[in-house]
K.L.:
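Handing you this structure, nothing more for now.
Atoms considered below: every heavy atom in the structure, side chains included; atoms not considered: hydrogens, waters and symmetry mates. Proteins come first, then strands; the chains are lettered A, B, ... in the order of their sequence lines, and each starts at number 1.
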Amino acid sequence: MRELIGLIPLIPLLSSATLMLFAGHLSRFAIGLLGVGSVGIAAILTAKMGIDFLGNPEVFKVTLWTWMQVGTFSSDVAFYFDGLTLVMMSVITGVGFLIHLFSTEFMEEDVSYARYFAYLNMFVAAMLILVMADNLLLLYLGWEGVGVCSYLLVGFWYQNSANGYAARKAFIVTRIGDTLMALGLFLLFTELGTLDIQALGDAAKDKWQVGDSMPLIACLLILGGAVGKSAQLPLHTWLPDAMAGPTPVSALIHAATMVTAGVYLIARTHELYLFAPIAMIAVALVGLATSLMAAFTALTQHDIKRILAYSTISQIGYMFLALGVGAWTAGIFHLMTHAFFKALLFLGSGAIIHCLHHEHNIFKMGGLRTRMPVTFWSFMIGSAALAALPMTSGFFSKDQILLQAYQVDGIGPWLWFGGLVGALLTAVYSFRLVFVVFFGQVNTEPDKDTGWRMVIPLSLLCILAMMGGWIIIPVTQVFPLAVFEHPAHWVEYVSIAVPIVGVIIAYLIFLGGQLKVDVFTNSFVMQKLQQFWFSGWRIDWLYDQLLVRPYYGLARALKLEPVDNFYRLVVTISQTFNQWLSAGQSGQMRRYITSMVFGLIVLLAILVRAS
Amino acid sequence: MLMINLILILLIGGVVAIFSERLGADVPRKVALAVVIIDLIYLLIALSTIPQLETLQAPVPSDPETWLMHYSVEWIPAFGIKIELALDGLSMLMVLLTLILGAVAVSASWTDIKVRQGFFEANLLWTLAGVLGVFMALDLFLFFLFWEVMLIPMYFMIAIWGHENRGYAAMKFFIFTQASGLLMLVSILALVVIHHGNTGVWTFSYFDLLSAQIAAQTAFWLMLGFFVAFVVKLPGFPFHTWLPDAHTQAPTAGSVILAGILLKTGAYGLIRFAVPLFPQASMEFAPVALWLGVAGVIYGAILAFGQTDFKRLVAYSSVSHMGFVLLGVYAWNILALQGAVMQMVAHGFSTAALFMIAGSLQERLHTRDMREMGGLWQNMPRMGAIAMFFIVASLGLPGLGNFVAEFLVLLGLFQVDRLLAVIAALGLITGAAYSLLLMQRSFQGEPDETRQLVDFGTREMLTMAVMMTALIVLGIYPQPILDISRPVVESLISFSSIVTGGSL
Amino acid sequence: MNGSQMQALMPILMLSLTAIVLMIQASIKRDEKATWIITVVGILLALWGAGYARDFSQPVTILLQVDNWGLFFTALVLLASLVTVVLSQDSFSSEGGSKEEYYLLLVLSALGAVILIQSSHMASLLLGMELMGVALYAMIAFPKKGLLPLEAAVKYLVLSGCASAILLFGFALLYAATGELSYKGIGEKAALAYISNPLLVMAGTAMVTAGIAFKLSLVPFHMWTPDVYQGAPTPVTGFLATVSKGAVFVALARIYMDAELHQYESLILALSVLAAFSMLIGNLLALLQEDIKRLLAYSSIAHFGYLLIVLIALTGSEMASEAVTFYLAAYILTTLGAFTVIARVSREDQQKSQISEFEGLFWRNKIQATALTIAMLSFAGIPLTAGFMAKFFVINVAIQGSHWFLLSALVIGSAIGIYYYLRIIFSMSKTSGNDIGFRDRSGDITALLLTVLILMLGSWPQPFIAFAGGL
Amino acid sequence: MEGLNIPLNHILLIASLLFVIGMLGLMIRRNIIFILMSLEVMLNSAALAFVAAGAHWGQPDGQIVFMLILSIAAAEVAVGLSLVLQVQRRFRSLDMDSLDWMRG
């Protein structure tokens with residue numbers, strides 16, 4: 001069975017290749033079957049491996065072949081399987097399967113049906129390779145692979161240039177992070193002589209001391225990669241734009257799996273981070289700042305998918321916070337629950353968009369509670385989990401994060417407080433969404449209802465979003481045991497109460513109308529602030545001014561090849577000489593004689609001078 | 001003799017192609033394809049009989065008998081000039097690449113050559129012959145001869161079958177390479193004269209000249225002569241300006257050969273001649289060369305980003321990619337050198353394919369201006385998908401050949417100079433920027449539904465499949481290639497007795 | 001003078017005999033065909049004579065030096081004359097419609113060249129040079145049509161006369177200083193005279209150099225070249241470029257070596273200046289030239305600059321004399337090849353030597369276009385052609401003599417040169433409206449033979465190098 | 001003959017003077033006839049130098065060369081004058097400066 005682990009990414013990959021090569025020869029049904037079935041098989045295989053593992057929790061490694069071996073550098077195509085891998089694989093194949101199934105209905109009318117599933121399958125394969133990789137180079141392969149698939153899927157509807165722009169932005173911004181990560185790999189290899197993740201940990205123990213500068217630099221570089229892929233400050237700007245892709249793609253790639261790869265990466269390399277406490281704090285601070293920034297932004301958006309996108313950014317911020325405070329398990333746990341409820345929310349929004357003629361603006365929706373009951377309940381459950389209302393999956397994971405953040409020496413309470421503010425905002429914006437979209441008057445009539453291929457994934461995800469909190473993830477062997485000392489009870493009570501308060505505030509403002517905030521929000525300062533938040537804190541604008549425009553300007557300035565000017569100058573000089581000299585050839589013989597006389601004088605001068 | 005035959009087959013094939021035009025306009029291309037494939041098969045059969053290939057005995061650079069093949073016969077004894085050809089792992093890779101891409105080139109211009117097909121195919125075959133000569137010649141005189149002579153048929157290909165501004169482009173190409181070639185000739189002769197002065201023997205043989213004793217100052221200047229010639233061909237910053245023009249104006253097959261093979265002769269020259277002949281001087285010069293390499297990587301990428309002409313963009317991307325080769329060579333450790341070799345091979349395929357796509361677009365749209373393209377995926381989905389493949393290959397997607405190359409080069413460079421590696425790594429980002437822009441402007445965006453365009457047919461798909469397979473294999477299982485070049489690279493490093501920092 | 005000496009003079013005798021026969025024939029019956037045949041036969045006999053005389057090489061009186069080296073160039077000059085005769089056959093006509101006298105002049109001019117090559121004495125140098133020159137004036141002015149030949153002839157006559165006067169005056173000064181007129185004599189006495197009267201020796205040397213530099217059209221004595229090249233009928237231009245310049249260079253080399261002039265550093269310096277300027281200015285002048293004959297005139301200026309390097313580096317290298325031999329041979333063959341094609345394409349029409357006239361030549365006459373291409377590549381010094389091996393020799397000699405300054409001038413000049421040689425090739429490869437092929441058997445055969453020789457010399461030079469080494 | 005014992009240098013000086021005069025003539029004169037005359041002056045200055053040098057060394061060679069120069073000058077002038085006739089006929093002028101059809 002273990003040897004067959006390679007099949008898990010291979011099957012979606014083969015399916016993808018088949019779909020690309022024989023797209024024209026397959027019926028839509030066959031395409032759907034291949035696309036969904038391949039991920040389904042992967043999911044079943046994963047489940048089998050999971051059951052085996054839970055019965056006999058033994059870590060193993062399967063080497064397929066040597067990828068490259070040059071000098072002392074060697075990297076294999078090898079898979080490593082432990083609890084963490086299992087969790088990630090389960091999320092990818094499980095949630096992935098549901099989203100694939102959902103897609104068959106969502107994309108039903110699209111002409112590029114086969115292309116869609118080809119990309120999606122390829123993504124699943126790449127993502128699996130990412131989490132299964134035994135060494136950082138293979139991980140990097142998956143890492144870049146998912147990036148390309150994300151690019152392809154964001155720009156899936158390439159006919160619209162805006163989508164293409166969003167896709168390119170997504171790829172290039174994450175590439176910046178990827179490059180930092182690549183540099184991190186170079187540094188790790190140069191310092192530790194290997195890229196095998198397990199070997200790295202051992203080598204680090206031999207060569208590094210806690211607090212050294214090398215681990216700090218290396219960890220920061222890896223953090224750079226994680227920040228890019230997980231859309232954290234300051235490289236988060238691509239994710240809201242990436243919503244240009246089909247909604248199931250947003251669910252799978254930009255909510256459940258790919259964007260959490262950064263969390264996985266840091267968790268996977270946590271042994272290195274243990275040598276760099278400053279890097280850990282950096283991770284926590286990045287996470288907290290991102291989660292607050294994104295929460296404020298989500299509050300002001302009115303595109304349903306952008307709200308969810310900012311919410312994703314914010315939630316990943318929580319995961320980073322968890323990693324930064326050493327709550328590895330809690331971080332991964334939140335990763336999993338987030339995958340459930342965020343996929344649920346995205347799919348729900350997909351269903352709405354699907355049924356509402358591709359309407360994205362929440363203020364043009366409303367009253368959908370009765371029109372689309374399944375979707376409504378999905379949203380309710382999803383939002384509850386997102387807001388971390390008690391007993392939902394989100395509650396368990398977020399609570400753990402906040403409590404463990406509180407434990408950190410020194411800044412712990414501040415981190416906790418920041419997290420709480422975020423939690424409050426989360427509750428507000430998520431229920432703002434629910435109240436605006438599903439209650440009130442009907443602004444747009446849906447023209448169809450959700451079919452079974454949408455209902456089943458939604459229902460299953462509802463269950464997971466509700467019950468996911470009780471799953472115990474098998475990562476105890478992976479991470480060092482957290483010294484968990486239960487904080488004072490008031491801390492816990494406050495943590496539980498804050499989301500509920502948030503929901504109430506949202507109700508009062510957006511549904512009940514009891515809380516009149518118009519005067520407040522219409523004030524000049526608040527207007528400006530709202531605009532500021534709406535624009536995503538003008539970070540896009542900043543990058544545009546600082547990087548994009550200068551680069552375009554540079555490219556435009558250099559377009560005509562300034563280096564060639566040198567060669568043109570040489571040519572011009574030669575031509576000028578040619579013209580001068582040619583002008584001398586006037587045809588008048590007396591000039592010729594003069595030239596000869598001149599030559600004679602020169603020769604005489606040279607020769608006689610010497611004598 | 002086998003190596004001579006390889007060249008002769010192509011030369012004679014060219015003559016046959018010219019005369020075959022009398023049988024019909026479409027005969028020469030078939031002849032050309034047949035000739036290249038025969039040559040390839042001949043080579044493969046011959047290689048399969050070499051016992052060393054299995055054991056991969058490390059060749060000693062100065063001992064020709066340890067090479068895979070060696071052939072030597074007197075030519076101009078007055079100067080000790082011999083017809084001396086030899087093959088080791090590195091040249092074998094290059095020869096294989098040449099012949100495969102040669103076949104691709106014939107296929108690439110299957111339909112776009114409308115006049116004087118016979119002469120065209122002849123020039124193509126003769127260029128290939130010249131390139132083979134460059135890769136196999138180990139007598140410096142003979143090497144120089146091939147180096148220069150291969151340009152003439154290439155010149156004709158651009159000058160006769162090129163696009164609107166072909167005269168200028170062909171001229172620029174020829175003058176750049178010839179002028180720098182003259183410097184190399186002076187260097188070669190100076191080297192030989194010095195060797196003659198020391199030993200009283202006239203010889204142009206690589207194997208003898210490796211041991212030439214040269215004063216440091218002189219060696220530096222001589223090395224510079226070689227360096228300039230090779231870097232112009234590579235092309236490295238700031239000698240690259242001939243390339244965009246030549247590429248843009250050349251017919252498709254010309255671009256394919258130029259980008260796929262001809263540029264590699266520069267890299268090959270650096271690895272084979274410039275550094276081993278003058279190890280000490282090269283070491284001293286390495287920092288400058290490395291900076292030039294980095295400059296090429298970044299500058300090429302920025303300029304590629306600014307272009308509106310499809311082929312020009314790809315041409316500048318070559319400048320950027322070949323910058324990595326320069327970095328790889330002058331980092332001069334086994335990682336970086338292997339990376340450089342990989343880059344030579346992988347870039348050969350990826351760029352050749354992109355030029356072929358550019359050629360197909362020009363044939364169909366009669367323009368290379370990307371402002372007049374857009375949404376072509378809609379019209380030609382197969383071509384779009386293939387373009388996407390090669391574009392992600394060229395931006396260095398792991399799993400494809402180019403990534404292995406760039407990764408190894410950067411990793412190797414990192415051991416030597418971290419700052420430079422960091423700057424060069426920016427090339428990964430800028431590379432993504434121009435690659436995706438290319439895709440966006442040509443294949444994505446608003447489609448023009450009124451266009452009636454023919455998608456890739458079987459011939460094109462087959463050709464592309466060859467290159468795609470090659471890149472995938474290079475990407476996920478590069479070890480065979482690395483193993484072939486490893487002994488060469490290792491021995492070169494040990495021979496030059498240069499120890500550059502790092503853990504290697 | 002004994003019989004053996006007479007045998008040594010066989011080529012000269014044969015040419016003289018031909019001249020006499022031609023005169024007699026012309027006075028009996030004017031018949032161009034017959035004249036042509038007699039000329040060809042005469043030159044062939046002289047060629048045979050050159051081979052025959054190899055067994056009798058010796059100094060013939062004080063005036064002439066018959067040796068293998070000279071005989072080789074004699075043969076080369078005769079070959080060039082032969083090609084000129086073939087090309088002249090139907091390329092232009094004189095006042096009266098036929099041109100029997102032209103062949104006579106050609107034979108006389110060739111005779112002058114042979115004498116010049118074999119001269120070892122100032123008097124024979126003078127005789128040879130003037131015989132060659134005066135006949136050439138008339139040849140240039142021979143065509144009845146157009147003003148250009150006449151203008152060219154007058155300019156050449158006056159300027160050449162002036163140069164002769166300078167040369168003579170220089171020799172007079174040397175004679176005054178040394179009391180000798182033979183090269184060897186001058187060489188023996190000059191060193192002594194230099195101590196007592198350096199001014200006289202150096203001024204004389206300077207003027208001799210100037211006179212010869214004119215004939216070789218070295219900068220700044222070069223200005224006549226383009227006008228004469230352009231104005232003269234193309235076969236005559238070819239003759240001038242090969243026979244006249246070749247013979248003068250051989251004479252210069254003889255003076256230089258026999259009179260041991262290389263010991264004077266200031267002379268080396270003067271020659272270096274001439275060479276450097278010739279290489280640079282010659283190439284620059286040719287750069288944008290539209291007339292192919294003028295272009296080749298400028299290119300010839302550069303080429304004699306390259307060749308001069310060999311003389312300058314004479315003492316530093318063991319292979320200088322081979323280098324001179326090889327370079328001159330390569331240059332003469334290449335120039336002949338080029339002018340053969342130009343003569344066949346432009347025919348009588350002076351205007352047809354524009355480069356644009358050569359557009360599409362590849363598609364009109366493959367053989368001649370290929371020949372011109374090879375010739376241009378040879379001029380540019382591309383491997384596999386004679387020109388490359390020639391340049392190879394020059395660079396080799398220059399490196400051995402460590403003349404880095406001249407080498408850089410050579411490299412820059414050659415780099416410029418590539419442009420204009422290539423321009424001609426490019427224009428031939430263009431597709432022009434005029435794609436009608438023309439057939440021209442004698443031209444094709446001549447061009448083909450010369451091309452084969454150029455390629456042979458370039459790709460299999462060993463036999464020739466061995467031969468040249470034995471001269 | 002003692003009275004005629006002029007130092008060689010003096011004669012050479014005069015010859016040089018003549019030579020320069022001829023040269024200046026070439027540079028200044030525009031009429032072809034005068035140009036040919038200047039040429040004669042230059043050639044004759046060389047001849048004079050030869051004679052003087054021959055006398056200085058007591059050799060006949062100088063005078064022999066003088067004869068040679070005379071005949072050469074004659075030949076040059078013969079061809080030259082015939083060309084002059086042609087020039088007059090075709091260009092309708094003897095102004096050397098008008099013969100500038102070829103340039104560049």
K.L.:
Take B:Y299 and A:E561 through the side-chain hydrogen bond (donor to acceptor under 3.5 Å, both in side chains) test and state the conclusion after the steps.
P.N.:
CA-CA 10 Å; B:Y299 186 85; A:E561 186 62 281; 2.5 Å; yes
K.L.:
Tabulate, in ascending numerical order, the residues of residues 115-134 of chain A having at least one heavy atom closer than 4.5 Å to a heavy atom of chain B, or enter 'none'.
P.N.:
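At a heavy-atom separation under 4.5 Å, chain B is reached by A:R115, A:Y119.
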K.L.:
A side-chain contact here means heavy atoms from C-beta on lying under 4.5 Å apart; do B:R418 and A:L187 qualify?
P.N.:
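Yes. Closest side-chain heavy atoms under 4.5 Å.
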K.L.:
Taking side chain as everything from C-beta outward and backbone as N, CA, C, O, which of these in B:L413 sits under 4.5 Å from a heavy atom of chain A? Side chain, backbone, both or neither.
P.N.:
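Contact with chain A is absent: no heavy atom of B:L413 under 4.5 Å.
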K.L.:
Would you mind telling me which of B:G306, B:A421, B:G445 has the largest number of heavy-atom pairs within less than 4.5 Å of chain A?
P.N.:
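When all of B:G306, B:A421, B:G445 are compared, B:G445 has the most.
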K.L.:
For B:P398, run the side-chain contact (heavy atoms from CB on, under 4.5 Å) check against A:D178, A:L139, A:L141, A:L138 and tell me which one passes.
P.N.:
A:L141
K.L.:
Using side-chain heavy atoms (C-beta onward) and a distance below 4.5 Å, is B:L335 in contact with A:F189?
P.N.:
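When only atoms from C-beta onward are counted, A:F189 and B:L335 do touch, with a gap below 4.5 Å.
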K.L.:
Which of the residues B:V422, B:I476, B:L397 is involved in the greatest number of heavy-atom pairs with chain A at under 4.5 angstrom?
P.N.:
B:I476
K.L.:
Can we call the ring centroids of B:F407 and A:Y140 under 6.0 Å apart?
P.N.:
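Ring centres of A:Y140 and B:F407 not closer than 6.0 Å.
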K.L.:
Does the plane of the ring in A:W67 sit parallel, tilted or perpendicular to the ring in B:F403? Use 30° and 60° as the thresholds.
P.N.:
parallel
K.L.:
Please state whether the side chain, the backbone, both or neither of B:I302 comes within less than 4.5 Å of a heavy atom of chain A.
P.N.:
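Contact with chain A: backbone and side chain both.
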K.L.:
Given 3.5 Å as the limit, does a donor-acceptor pair link the side chain of A:R175 with the main chain of B:L428, or not?
P.N.:
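Yes: the side chain of A:R175 pairs with the backbone of B:L428.
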K.L.:
What residue in A:L185, A:V111, A:V148 has the most heavy-atom pairs under 4.5 Å with chain B?
P.N.:
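Greatest number of close heavy-atom pairs with chain B: A:V148.
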K.L.:
Spell out, as yes or no, whether a donor-acceptor pair under 3.5 Å connects the side chain of B:Q479 to the backbone of A:Q69.
P.N.:
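It does hold such a pair.
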K.L.:
Measuring heavy-atom distances to chain B, does A:L137 have an atom under 4.5 Å in its side chain, in its backbone, in both, or in neither?
P.N.:
side chain
K.L.:
As an exercise: rank B:R312, B:M439, B:Q307, B:R382 by heavy-atom pairs under 4.5 Å with chain A and give me the winner.
P.N.:
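Sorted descending by pairs with chain A, the first entry is B:Q307.
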K.L.:
Which one wins on heavy-atom pair count under 4.5 Å against chain B: A:G155, A:A557, A:G164?
P.N.:
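Max contact count across the listed options: A:G164.
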K.L.:
In terms of heavy-atom proximity below 4.5 Å to chain B, should A:L560 be classed as side chain, backbone, both, or neither?
P.N.:
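Interface part for A:L560: neither.
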K.L.:
Heavy-atom pairs under 4.5 Å with chain A - which of B:F237, B:Y434, B:Y316, B:W242 has more of them than the others?
P.N.:
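Option with the top pair count is B:Y316.
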K.L.:
By a 4.5 Å heavy-atom criterion (distance strictly below it), what part of A:F566 contacts chain B: side chain, backbone, both, or neither?
P.N.:
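Interface part for A:F566: neither.
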K.L.:
A:Y158 and B:Q378: side-chain donor and acceptor closer than 3.5 Å?
P.N.:
yes
K.L.:
Tell me, out of B:L410, B:V392, B:V489, who's got the most heavy-atom pairs with chain A below 4.5 Å.
P.N.:
B:L410
K.L.:
Using heavy-atom distances under 4.5 Å, tell me whether A:L195 contacts chain B through its side chain, its backbone, both, or neither.
P.N.:
side chain
K.L.:
Check B:A425 against A:L183 and note the closest heavy-atom contact, atom names and distance.
P.N.:
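So the two residues come closest at CB-CD2, 3.9 Å.
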K.L.:
Taking the side chain as every heavy atom from C-beta outward, state whether A:T179 and B:L426 have any atom pair closer than 4.5 Å.
P.N.:
no
